Trainee: 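Below is a structure I'd like to ask you about.
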Amino acid sequence: MTVKVRFFARFRELLGTDILTEPEKEESLLSLVRDIARKNKEGYDAIFDEHGTFREFVIVMRNGKRVEHDDATAIRVADGDEIAIFPPVAGG
Amino acid sequence: MIRVQTEDVDIGGLIAAAKDPGTGAVVVFDGVVRDDGITEMELEAYQDVAVAEMEKIARSATEQFRLRHVDIIHRIGRLSVGESILVIVVSAGHRPEAYAGSRYIIEEIKKSVPIWKKELTKDSGRWVPGEHGHGKGKQP
């Protein structure tokens, strides 16, 4: 099973992007992103609070659709998923 | 035309293509890199999602404001002061719809299209904070 995790903007600078990972069976979206973010403390702290939950301003998408933070523990990632994590948008 | 691209935008060509015999007004929004003591601006997009979101906004604007034509071109990559960042061209039968439709599109882009800007200075850079987060929390 392969899942792609994409970070953007400041999160990309701290953690890289287009990370291909092979998660454990039944691994949750939250746990997967936490594991990847742990490689850089500053990156982890930018995305997660002291309880290990997504900071309120962080936007999470799975296959191009927004995921509510409260659902990130219940969602099990699946083969071919693309998870995107980014700060508030600032285009225009 | 709804696009995210690195190349500059031919605004004159877009205006010409936006007109048809029923057009009474064309409104152009040209968002430009301002000199706030920066050397350049760097833009990054979650491209597939950004285009899909801009297409959704264009459809919604067309329905709400009876627009005859909509172009949204958002640029990415490194841009210098004075270069266009975002060009929106809309046409309608009358000016109130064209102005309102253009305004609606830019405000919606700022809320939901995954694009980010970094202001580059001689020594460093700074990400421009977004105006609309996922939840109530503020970006530090």
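Given the structure is predicted, the values throughout are model-derived calculations rather than measurements. All chains are named by letter (A, B, ...) in the order of the sequence lines, taking the proteins before the strands, and each is independently numbered beginning at 1.
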Trainee: For B:K19, does the NZ atom sit with more than 12 other heavy atoms under 6.0 Å from it, leaving out its own atoms?
Mentor: no
Trainee: Could you list the residues that satisfy ring-ring contact (aromatic ring centres under 6.0 Å, His included) with A:F48, not counting sequence neighbours?
Mentor: A:Y44, A:F54
Trainee: Heavy atom to heavy atom, less than 4.5 Å: which residues from residues 89-104 of chain B reach chain A?
Mentor: none
Trainee: Same cluster or not: are A:F8 and A:I59 linked, directly or through other Ile, Leu, Val, Met, Phe, Trp or Tyr residues, by side-chain heavy atoms under 4.5 angstrom apart?
Mentor: yes
Trainee: For A:R38, does the CZ atom sit with more than 12 other heavy atoms under 6.0 Å from it, leaving out its own atoms?
Mentor: yes
Trainee: On a heavy-atom basis, which atom in A:A9 and which in B:W116 lie closest, and how many Å separate them?
Mentor: CB-CG, 3.6 Å
Trainee: Check for me, please, whether B:V87 and B:V27 land in the same ILVMFWY cluster - side-chain distances under 4.5 Å, paths through other members count.
Mentor: no
Trainee: Heavy-atom cut-off 4.5 Å, strictly under: side chain, backbone, both or neither for B:L86 against chain A?
Mentor: side chain
Trainee: Can you get from B:I115 to A:M61 by hopping between Ile, Leu, Val, Met, Phe, Trp and Tyr side chains that sit under 4.5 Å apart?
Mentor: no
Trainee: For A:V89 and B:V113, work out which heavy atoms get closest and say how close.
Mentor: CB-O, 3.1 Å
Trainee: Take a 6.0 Å sphere around CD of B:Q64 and say whether it holds more than 12 heavy atoms from other residues, nucleotides or ligands.
Mentor: yes
Trainee: Over all heavy atoms of both residues, which pair between B:V128 and A:A90 is shortest? Give the atoms and the distance, please.
Mentor: O-CB, 3.5 Å
Trainee: State yes or no: do A:V5 and A:V67 share one hydrophobic cluster built from I, L, V, M, F, W and Y residues joined by side-chain heavy-atom distances below 4.5 Å, directly or via other members?
Mentor: yes
Trainee: Under 6.0 Å from the CE atom of B:M1, do we count more than 12 heavy atoms belonging to anything else shown?
Mentor: no
Trainee: Could you list which of residues 43-60 of chain B have a heavy atom closer than 4.5 Å to any heavy atom of chain A, in residue-number order?
Mentor: B:E44, B:A45, B:Y46, B:V49
Trainee: Applying a strict under-4.5 Å side-chain criterion to I, L, V, M, F, W and Y, I'd like to know whether B:V32 and B:I73 cluster together.
Mentor: no
Trainee: When you measure from the side chain of B:K117 to the backbone of A:G92, do you find a donor-acceptor pair of N or O atoms at a distance under 3.5 Å?
Mentor: yes
Trainee: Listed by chain and number, what are the ring-ring contact (aromatic ring centres under 6.0 Å, His included) partners of A:F7, not counting sequence neighbours?
Mentor: none
